[in-house]
Asks: 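Here it is: the structure, laid out below.
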Amino acid sequence: MDSNKLQLTFFIIIFAAAFIMCFLVFLPFIKVLALAAVLAVVFHPVFERVKKLLGGREVVSAIVIMMIAAIVVILPLIAIGSNVFDESRDLYRTLSAGETNYLDLIITNIEGPLSRNFPNLVVDIRSYVDDAISWIGSYAGALLTGTAITVLNLFLGIIAFFYFLKDGSKFRSMIIELSPLKDEFDRHIFDKLELSVNTVIKGTLLIALVQGLFVGVGLVIFGVPNATLWGMVAVVAAVVPGLGTALVILPACIYLLVTGATLPAVGLALWGAVLVGLLDNFLTPMLYSKGTNMHPLVVLFSVLGGIAFFGPIGFIFGPLVATLMFVLLRVYRVMILRVETMEEDMI
């Protein structure tokens with residue numbers, strides 16, 4: 001083996017070992033860093049405007065954006081998360097103790113008639129509810145036992161958010177320079193990921209949050225218990241094509257009917273159909289980023305798969321992973337298959 005091959009082999013071995021060790025070092029903080037990068041992308045246009053107003057002072061501008069993000073994002077999430085935690089814990093304890101009268105009413109009025117009319121149809125509502133609440137309770141327990149870790153991750157996330165805002169363009173240039181791909185491919189990947197972040201946050205997530213908020217308000221107004229918890233479930237349900245928040249509103253209306261609250265049930269149905277339903281038609285054209293071709297079916301399964309794999313934060317990461325995969329496939333078409341254009345179809 002000549003000297004050049006020996007040096008190359010030695011370098012590859014050392015580089016691979018260093019890469020693996022570095023990956024393991026950063027692995028516990030991957031979610032924190034990724035979420036900080038996502039928030040930096042979302043707030044970057046505001047950061048640029050603030051920096052321009054402050055005469056190019058990057059540090060001061062980043063601090064101002066951090067304060068805005070804390071008011072707009074972090075504090076509301078802490079307040080909502082605290083309520084969801086309390087309600088899911090109480091509901092889990094109630095179900096575990098068998099003290100849920102309204103669940104018994106629903107089972108009696110729905111499961112019984114279904115079994116009589118469709119003998120071959122097996123419906124076990126209680127087991128489904130128990131499984132769902134156990135899943136919620138597992139995350140609630142993790143949050144309860146991991147308070148110190150959560151605070152540490154929040155602190156680290158704030159620091160990462162600051163530096164991603166301040167030096168994000170430098171990180172991007174460094175990655176493009178080190179990448180063996182052509183610069184046009186690297187820029188295309190970054191541009192599509194940035195567009196996907198804005199679509200998921202400003203489009204899918206923000207619309208879902210607004211719809212979930214209105215669903216929660218409606219549940220409070222018309223007397224459905226654990227409104228905050230089911231409002232957050234409505235946030236996830238809002239990404240389901242064709243059904244959306246009806247997956248929460250319809251069972252809530254059935255619950256009200258079963259418990260004898262006919263007028264509130266009708267009111268909640270009208271609230272969901274008129275107010276919550278029209279929000280999607282009003283907000284979608286306003287908030288969705290132009291130029292995105294993410295198919296609703298891809299969004300749905302990437303969100304649900306992301307939640308299953310990453311936990312609640314997968315609502316954001318799932319679509320980003322899907323976007324990265326499809327962008328890399330387009331690069332493959334151009335680089336390997338020699339297709340002449342980077343234009344894409346809907347994904």
Side-chain angles (χ1 to χ4, degrees), residues 19 22-51 58-59 61-78 149-179 181 183 185-206 208-209 287 289 291-292 294 299 302-303 305-307 309-328 331:
F19 179 84
C22 186
F23 176 77
L24 294 176
V25 167
F26 281 89
L27 183 60
F29 310 105
I30 289 294
K31 292 182 181 179
V32 174
L33 292 172
L35 185 58
V38 166
L39 289 177
V41 170
V42 172
F43 282 94
H44 182 74
V46 184
F47 169 74
E48 291 296 332
R49 294 191 187 99
V50 172
K51 187 172 71 171
E58 291 184 339
V59 174
S61 301
I63 292 174
V64 170
I65 297 301
M66 287 170 59
M67 295 173 64
I68 294 174
I71 296 172
V72 174
V73 178
I74 298 176
L75 293 180
L77 282 179
I78 291 175
I149 297 176
T150 302
V151 172
L152 175 62
N153 287 338
L154 179 61
F155 175 72
L156 295 175
I158 291 172
I159 295 176
F161 179 51
F162 171 82
Y163 282 106
F164 280 137
L165 274 175
K166 178 176 172 292
D167 300 321
S169 58
K170 297 177 183 177
F171 292 146
R172 172 173 171 158
S173 299
M174 180 182 68
I175 294 173
I176 291 176
E177 181 181 349
L178 292 174
S179 171
L181 296 176
D183 288 354
F185 294 149
D186 292 323
R187 294 191 184 96
H188 181 76
I189 292 171
F190 274 112
D191 290 343
K192 287 299 179 182
L193 286 177
E194 182 177 345
L195 194 57
S196 177
V197 166
N198 283 286
T199 299
V200 172
I201 301 297
K202 297 179 182 178
T204 305
L205 182 57
L206 186 54
L209 285 172
L287 296 177
S289 301
T292 56
M294 183 80 76
V299 174
S302 62
V303 166
I307 292 174
F309 187 77
F310 295 107
I313 202 67
F315 200 107
I316 297 173
F317 292 163
L320 294 183
V321 171
T323 298
L324 178 60
M325 185 67 234
F326 282 107
V327 173
L328 291 176
V331 172

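Starting from 1, each residue takes its place in the sequence as its number.
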Asks: Rounded to the nearest 0.5 Å, how far apart are NE2 of H188 and CG of L181?
Replies: 11.5 Å
Asks: Do V321 and F309 have side chains that approach each other closer than 4.5 Å (heavy atoms only, starting at C-beta)?
Replies: no
Asks: Please tabulate, one pair per line, all N/O donor-acceptor pairs under 3.5 Å involving side-chain atoms of residues 36-48, not counting sequence neighbours.
Replies:
residue: H44; atom: NE2; partner: E48; partner atom: OE2; Å: 3.3

Asks: Using side-chain hydrogen bond (donor to acceptor under 3.5 Å, both in side chains) as the criterion, list what pairs up with S179, not counting sequence neighbours.
Replies: D186
Asks: Nearest 0.5 Å please: distance from the CZ atom of F190 over to the CG atom of D183.
Replies: 11.0 Å
Asks: What residues form a salt bridge (Lys or Arg N to Asp or Glu O under 4.0 Å) with R172, not counting sequence neighbours?
Replies: D191, E194
Asks: Going from CZ on F171 to CD1 on I176, what distance comes out if it is rounded to the nearest 0.5 angstrom?
Replies: 14.0 Å
Asks: What's the separation between atom CD1 in I68 and atom CD1 in I63, rounded to the nearest 0.5 Å?
Replies: 12.5 Å
Asks: My understanding is that only residues two or more places apart in sequence, or in another chain, count here; which of them pass ring-ring contact (aromatic ring centres under 6.0 Å, His included) with F29?
Replies: none
Asks: So how far is it from L35 CG to F161 CZ, rounded to the nearest 0.5 Å?
Replies: 9.5 Å
Asks: My understanding is that only residues two or more places apart in sequence, or in another chain, count here; which of them pass ring-ring contact (aromatic ring centres under 6.0 Å, His included) with F162?
Replies: none
Asks: Can you run down the side chain to side chain donor-acceptor pair (under 3.5 Å) pairs that involve residues 27-42, sequence neighbours left out, and say none if there aren't any?
Replies: none
Asks: Do you know the tightest heavy-atom contact between L165 and A62?
Replies: CD1-O, 4.1 Å
